[in-house]
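A short worksheet on the structure shown next.
One-based numbering along the sequence shown.
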Amino acid sequence: MTAMIIDGKEFAARVRAKVAGHVTRLKDQHGITPGLAVVLVGEDPASQVYVRSKGKMTVEVGMKSVEHKLEADTSEAELLELIDRLNNDPEIHGILVQLPLPKHLDEDLVINSISPAKDVDGFHISNVGLLGTGQKSMVPCTPLGCLMMLRDHHGSLSGMDAVVIGRSNIVGKPMAQLLLGDSCTVTIAHSRTKDLADVVRRADIVVAAVGRPEMVPGDWIKEGATVIDVGINRLDAPEKGEGKTRLVGDVDYDSCAARAGAITPVPGGVGPMTIACLLANTVTACCRANGLDEPEGLTA
């Protein structure tokens with residue numbers, strides 16, 4: 001068996017096109033432009049790249065993009081004051097504070113100062129609780145993207161056996177909650193799970209989000225299973241030249257693709273979906289704030 005490749009770039013482009021369509025309708029029918037504010041503290045190079053990409057794609061789908069770039073030594077009080085202003089700005093429907101923050105800032109305090117209704121990252125403790133109890137919430141972008149791809153590939157997920165490898169608050173736990181919401185039987189596994197290989201082998205769906213390069217070999221995968229690889233890891237690639245690296249996921253792609261029915265590549269799989277779902281969440285937040293129907297196909 002050779003796995004079908006789930007093309008995250010193509011799927012993310014479709015999601016962005018849906019978002020753009022909803023944005024156009026919001027403008028034309030209601031005179032509303034969804035607004036996303038991104039806050040960057042410091043000059044972390046990777047964070048700067050992410051923020052530029054988010055801003056570019058926000059504008060491309062027709063939304064209002066606002067960026068606040070703060071010095072690395074910005075005080076907690078100054079950052080919280082900015083977030084309070086954004087919370088009270090009716091033209092801003094989504095707020096994202098780029099992580100990681102400088103060490104003198106309390107990430108939990110900062111994230112929980114964002115209005116839950118504008119928390120398009122889905123990290124606020126209120127949204128975590130709402131998701132965990134099956135209520136309407138803002139959903140973390142990466143798990144939402146994984147769910148969208150699984151629904152697109154399978155249609156109904158009801159009754160499927162799913163294993164999520166990884167228990168992070170950003171991916172593993174919310175992913176499990178979303179799969180439960182779609183009536184999967186869900187196991188959260190991790191690096192200390194006993195007989196991990198046997199646990200993974202029974203799964204119809206494997207979501208690998210453990211942060212260990214190529215940890216999952218092909219012989220852990222049930223024939224025909226769907227593998228969603230969330231991992232993004234850099235390994236040395238001397239064959240490309242001195243100091244060069246290559247990106248790999250949390251699964252060994254070649255051996256897993258030989259057994260899986262479908263698989264996401266790295267790069268080009270889950271990664272592109274994260275920003276697409278950020279845009280989707282912003283439109284969802286805008287619709288909720290204005291008492292309008294939520295955009296079909298863009299929410300959990």
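- At least one side-chain heavy atom of C286 sits under 4.5 Å from a side-chain heavy atom of I32.
- The main-chain N or O of A225 is never found under 3.5 Å from a side-chain atom of D204 such that the two would form a donor-acceptor pair.
- Side-chain N or O atoms of D7 include one that pairs as donor or acceptor with a backbone N or O of K9 at under 3.5 Å.
- Contact check for R201 versus K222: no side-chain heavy atoms found under the 4.5 Å cut-off.
- Atom CZ of R85 and atom CG of L80 lie 11.5 Å apart (nearest 0.5 Å).
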Inset, instruction - In sequence, state the C-alpha distance, the side-chain angles, and the governing distance for K69 and Q48, and then conclude on side-chain contact (heavy atoms from CB on, under 4.5 Å). - result: CA-CA 9 Å; K69 297 180 180 179; Q48 289 180 325; over 6 Å; no

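- Counted within 6.0 Å of CD on E239, heavy atoms from surrounding residues, nucleotides or ligands total more than 12; the atom is thus considered enclosed.
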Inset, instruction - Give the C-alpha distance, both sets of side-chain angles, the deciding distance and a yes or no for side-chain contact (heavy atoms from CB on, under 4.5 Å) between D152 and M148. - result: CA-CA 6 Å; D152 183 72; M148 286 183 179; over 6 Å; no

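- L179 and V128 fall into different hydrophobic clusters, where Ile, Leu, Val, Met, Phe, Trp and Tyr residues are linked whenever their side-chain heavy atoms come under 4.5 Å apart, directly or through other members.
- In this structure D119 satisfies the side-chain hydrogen bond (donor to acceptor under 3.5 Å, both in side chains) test together with N127, sequence neighbours excluded.
- Note on V210: it does not cluster hydrophobically with V207, by side-chain heavy-atom contacts below 4.5 Å among ILVMFWY residues.
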Inset, instruction - Carefully, step by step, assess L247 and R234 under the rule side-chain contact (heavy atoms from CB on, under 4.5 Å). - result: CA-CA 5 Å; L247 284 179; R234 287 196 178 275; 3.6 Å; yes

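- Taking every heavy atom of both residues into account, L36 and I95 meet most closely at CD1-N, 4.4 Å.
- Checked by atom type and distance alone, the side chain of R259 pairs as donor or acceptor with a backbone atom of I221 at under 3.5 Å.
- Note on I111 and I92: same hydrophobic cluster, where clusters join Ile, Leu, Val, Met, Phe, Trp and Tyr whose side-chain heavy atoms are under 4.5 Å apart, directly or indirectly.
- A donor-acceptor contact under 3.5 angstrom links the side chains of T187 and R202, judged on distance only.
- Counted within 6.0 Å of CD on E107, heavy atoms from surrounding residues, nucleotides or ligands total more than 12; the atom is thus considered enclosed.
- Around the NZ atom of K27, the shell of radius 6.0 Å holds more than 12 heavy atoms that belong to other residues, nucleotides or ligands.
- Looking only at distances, no side-chain donor or acceptor of Q29 sits under 3.5 Å from a matching main-chain atom of L26.
- Residues V59 and S65 approach most closely at CG2-CB, 3.8 Å, considering heavy atoms.
- Salt-bridge formation is not detected for the pair D28/R25: no Lys NZ or Arg NE/NH1/NH2 atom is positioned less than 4.0 Å from an Asp or Glu carboxylate oxygen.
- Side chain of T282 to backbone of L278: a donor-acceptor contact under 3.5 angstrom is found.
- In this structure, S168 and K173 have side chains that are not in contact, with every pair of non-hydrogen atoms separated by 4.5 Å or more.
- Taking CG from L96 and CG from L86, the interatomic distance works out to 11.5 Å, rounded to the nearest 0.5 Å.
- For the pair S137 and V139, the minimum side-chain heavy-atom distance is below 4.5 Å.
- V216 and V266 sit in two unconnected hydrophobic clusters of ILVMFWY residues. Membership requires side-chain heavy atoms under 4.5 Å apart, directly or through other members.
- Closest approach of N112 to F123, counting heavy atoms only: OD1-O, 4.4 Å.
- For the atom pair SG of C277 and CG of N281, the computed distance is 7.0 Å after rounding to the nearest 0.5 Å.
- A 6.0 Å sphere centred on CG of D293 holds no more than 12 heavy atoms belonging to other residues, nucleotides or ligands.
- No continuous path of hydrophobic side-chain contacts links V51 to V41 [ILVMFWY only; heavy atoms under 4.5 Å].
- With V251 as reference, V227 is the one residue of I228, V227, V206 to meet the side chain to side chain contact (heavy atoms under 4.5 Å, CB included) rule.
- Side-chain atoms of L279 and K54, non-hydrogen and from C-beta on, never get closer than 4.5 Å to each other.
- You'll find the side chain of T185 stays beyond 4.5 Å of the side chain of M160, heavy atoms only.
- H124 NE2 to S115 OG: the interatomic distance, rounded to the nearest 0.5 Å, is 7.5 Å.
- A donor-acceptor pair under 3.5 Å is absent between the side-chain atoms of R212 and the main chain of N233, judged by distance alone.
- Between the H93 side chain and the G35 main chain, a donor and an acceptor come within less than 3.5 Å of each other.
- Looking at heavy atoms from C-beta onward, P140 lies out of side-chain contact with V171 at the 4.5 angstrom threshold.
- Atom CD of E60 is surrounded by more than 12 heavy atoms from other residues, nucleotides or ligands within 6.0 Å.
- Of all heavy-atom pairs spanning Q98 and Y50, the tightest one is NE2-CD1, 3.8 Å.
- Taking all atoms of both residues into account, the shortest heavy-atom contact from A117 to A285 is O-CB, 3.5 Å.
- Comment: E296 does not engage K18 in a salt bridge, judged by the lack of any side-chain N to carboxylate O separation of less than 4.0 angstrom.
- A donor-acceptor contact shorter than 3.5 Å links the side chain of T24 to the backbone of A20.
- Taken to the nearest 0.5 Å, the CG atom of D121 stands 7.5 Å off from the CD1 atom of I114.
- Side-chain contact between L40 and E67 is absent, with no heavy atoms from C-beta onward closer than 4.5 Å.
- A pairwise comparison of heavy atoms in L292 and H30 identifies CD2-CE1, 3.6 Å as the closest pair.
- Between the N87 side chain and the S113 main chain, a donor and an acceptor come within less than 3.5 Å of each other.
- Residue pairs meeting the side-chain hydrogen bond (donor to acceptor under 3.5 Å, both in side chains) criterion with at least one member in residues 260-274, sequence neighbours excluded: T142-T274.
- A donor-acceptor contact shorter than 3.5 Å is absent between the side chain of H154 and the backbone of S156.
- Distance check: L150 CG to D182 CG gives 9.0 Å after rounding to the nearest 0.5 Å.
- In this structure, a donor-acceptor pair under 3.5 Å is absent between the side chains of E71 and T74.
- Every side-chain hydrogen bond (donor to acceptor under 3.5 Å, both in side chains) that S255 has, sequence neighbours left out, goes to D252.
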Legend entry - Verdict with reasoning, M138 to R288, per side-chain contact (heavy atoms from CB on, under 4.5 Å): CA-CA 11 Å; M138 298 307 300; R288 290 177 181 173; 3.4 Å; yes

